Amino acid sequence: MQSVDVPVGLLGYGTVGAAVARLLAEQGDEIERATGHRLRIARALVRDPAKERSFEPEPGVLTTEPGDVLDDPSLRLVAEVMGGVEPAGSYVGALLASGRSVVTANKQLVARRGAELFATAASSGAQLRFEASVCAAIPVIKALREALVVTNVHRVLGIVNGTTNFILSAMDEGRSYDDALAEAQRLGYAEADPTDDVTGLDAAAKIAILATVAFGSRVPLDWVEATGIEAVRREHVEAARALDMRLKLLARATLAGERVDVRVGPALVDVHHPLATVEGPFNAVMLQGDAIREITLEGPGAGGVETASAVIADLVSIVGTTGTGFLQNDPVWRELERMPPGDLASPWYLRLRVDDRAGVLARLAHELAAEDVSVARLVQQPADGEALLHVVTHEAPAGRVEAALASIRGLPEWRGEASALPVVSERGVDGFR
Ligand code: NAP
Ligand code: HSE
């Protein structure tokens, strides 16, 4: 059988783009055997063609002129691996409007402009695929949209940012935050501006996408309550260890009735929980649903080649299958409401610094009891003449815990620290929170 030559355009030829080019060159025979198509990078848009590349393209492939990709009718398939919302969004919109299919690794673009771009794709008959935008090599979008389509997934819990997991793992081994971040940047895990990683914005975009796909309802990015790891210090990591837990940046989406809660933030994970052992740039996503009970997918969550494998899988799906891509059937989506953030129930870890004298514990217990927050564990640690209390509560709504902390901050015995992090300790569809 004669193989079909498929010229592919790239928007971007950096960490991911160069790895896409490398894999297509090295795995071309396998792709051809599987699909009957030979994919080759014909044009790639960059800012600076003189830059050194991890995989050198053929002469004449790199261009700084967007029209060389956007206006070339021979490029029916384009991968957007440049990042940023603009100009990437306009480029992707123009390609889709002209009927050309696009694969993107850009989670900010999908989370912020997905509704508009999928509508454009649906009306022109083009496909927009985005597996690489969430958890790099882990095929979680495909699993949710195809394999798990009738399982009524109601909870997604995951470590979805490789850079922050790499930093927290390194801090757990005694390394500094700054060193670990610099290494994550050098290894190509971090975003061009790592602020998105460390503030939780990257994970927020990913959990918005996962919730949208899992719950079949558009979950906008501004519904995600996001906190990053900038305030995490070695002592937080050590405190987690002392309680037989690990500190992780967790993304969580919960569907309760017709209401959705989506959040990202540091959390304490029991050492026996599957997410506690996810280390370095690895990601993991735990999906819970009626028919499946629980499925955990784990794998590389960042890195050039790891992400390129997902980009290429989407390219291959487009050339190797017929019909339009998924997520384009807008009319059948359901409307869900946002759950008020204070309603989400969880066990909590409280870190309280107070005077070390008789009666203080009773005052704290009173404030917690006033909000119906019940203590499960308490460890007291001396701290420069004061007391550092590590409290683990039974399950309580976030709003009540915050109200108790506000009262504690008003006590004369309070000495400057009163914070709460969610705790993930159990697993299983009924017991897991
Ligand atoms: P990168 O190394 O910074 O590469 C970006 C590429 O896009 C570069 O080739 C750059 O050109 C080009 N570019 C950026 N803005 C441009 C503009 N305005 N005009 C023309 N060219 C432009 O980034 P990356 O790590 O490959 O990430 C790319 C995308 O993949 C992002 O959306 C990111 O979130 C996503 N992603 C990355 C990873 C990862 O582990 N790195 C994993 C999953 C998803 P120059 O080379 O000339 O500067
Ligand atoms: N910067 C991202 C991360 C890349 O560290 O997870 C993968 O999306």
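Being a predicted model, the structure only gives us computed values, none of them experimental. All ligand and atom numbering here is 1-based and tracks the order in the structure.
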Under 4.0 Å, heavy atoms only, figure out whether ligand 1 is touched by the backbone of [X], its side chain, both or neither.
X	result
K51	side chain
P87	side chain
K107	side chain

What protein heavy atom sits nearest [atom], and how far off is it?
atom	value
atom 12 (C) of ligand 1	G12 CA, 3.8 Å
atom 46 (O) of ligand 1	R53 NH1, 2.6 Å
atom 41 (N) of ligand 1	G188 O, 3.0 Å
atom 31 (C) of ligand 1	G83 CA, 3.6 Å
atom 44 (C) of ligand 1	A105 O, 3.4 Å
atom 9 (O) of ligand 1	Y13 N, 2.8 Å
atom 3 (O) of ligand 1	A192 CB, 4.1 Å
atom 38 (C) of ligand 1	T307 OG1, 3.6 Å

Can you list the ligand 1 atoms lying under 4.0 Å from a non-hydrogen atom of [X]?
X	result
A302	40 (O)
G14	2 (O), 4 (O), 6 (C), 8 (C), 9 (O), 26 (O)
G303	39 (C), 40 (O)
A132	43 (C), 44 (C)

Is there at least one pair of N or O atoms, one from [X] and one from ligand 1, spaced under 3.5 Å apart?
X	value
V16	yes
G17	no
E80	no

*Stepwise salt bridge (Lys or Arg N to Asp or Glu O under 4.0 Å) test for R409 and E417*: CA-CA 8 Å; R409 289 187 197 106; E417 259 188 277; over 6 Å; no
Measure the spacing between [atom1] of [X] and [atom2] of [Y] and express it to the nearest 0.5 Å.
X	Y	atom1	atom2	answer
L201	L221	CG	CG	7.0 Å
I209	I141	CD1	CD1	6.5 Å
L109	S133	CG	OG	9.0 Å
L405	E402	CG	CD	5.0 Å
L297	C135	CG	SG	9.0 Å
E279	D172	CD	CG	6.5 Å

*asked:* Quiz question for you: does at least one protein heavy atom lie closer than 4.0 Å to atom 23 (O) of ligand 1?
replied: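 Neighbour list for atom 23 (O) of ligand 1 is empty of protein heavy atoms (cut-off 4.0 Å).
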Can you give me every donor-acceptor pair (side chain of residues 16-30, partner residue at least two apart or in another chain, under 3.5 Å) with its distance?
from, atom 1, to, atom 2, distance (Å)
R22, NH2, S54, O, 3.0
D29, OD1, R38, NH2, 2.4

*Run through ligand 2 for me and note each protein residue having a heavy atom under 4.0 Å from it, chain first, then residue number.*
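Ligand 2 pocket, heavy atoms under 4.0 Å: K107, N161, G162, T163, Y189, A190, E191, D197, D202, K206, G301, A302.
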*Does anything in residues 171-200 pair up under ring pair (Phe, Tyr, Trp, His ring centres under 6.0 Å), and if so which pairs, sequence neighbours excluded?*
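Counting only pairs at least two positions apart or across chains, the ring pair (Phe, Tyr, Trp, His ring centres under 6.0 Å) contacts touching residues 171-200 are F166-Y189.
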Any donor-acceptor pair under 3.5 Å linking the side-chain atoms of [Y] with those of [X]?
X	Y	result
H390	Q381	yes
T164	N161	yes
T63	D68	yes

*When the ring planes of F118 and F130 are compared, do they come out parallel, tilted or perpendicular, using 30° and 60° as the limits?*
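If you compare the ring of F118 with that of F130, the planes turn out perpendicular.
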Could you tabulate the donor-acceptor pairs under 3.5 Å formed by side-chain atoms of residues 73-89, not counting sequence neighbours?
from, atom 1, to, atom 2, distance (Å)
S74, OG, D72, OD1, 2.7
S74, OG, D72, OD2, 3.3
R76, NH2, G99, O, 3.4
E80, OE1, T104, OG1, 2.6
E80, OE1, N106, ND2, 3.3
E80, OE2, M82, N, 2.9
E80, OE2, G83, N, 3.0
E86, OE1, S90, N, 3.4
E86, OE1, S90, OG, 2.7
E86, OE2, S90, N, 3.3
E86, OE2, S90, OG, 3.0
E86, OE2, R113, NH1, 3.0
E86, OE2, R113, NH2, 3.2

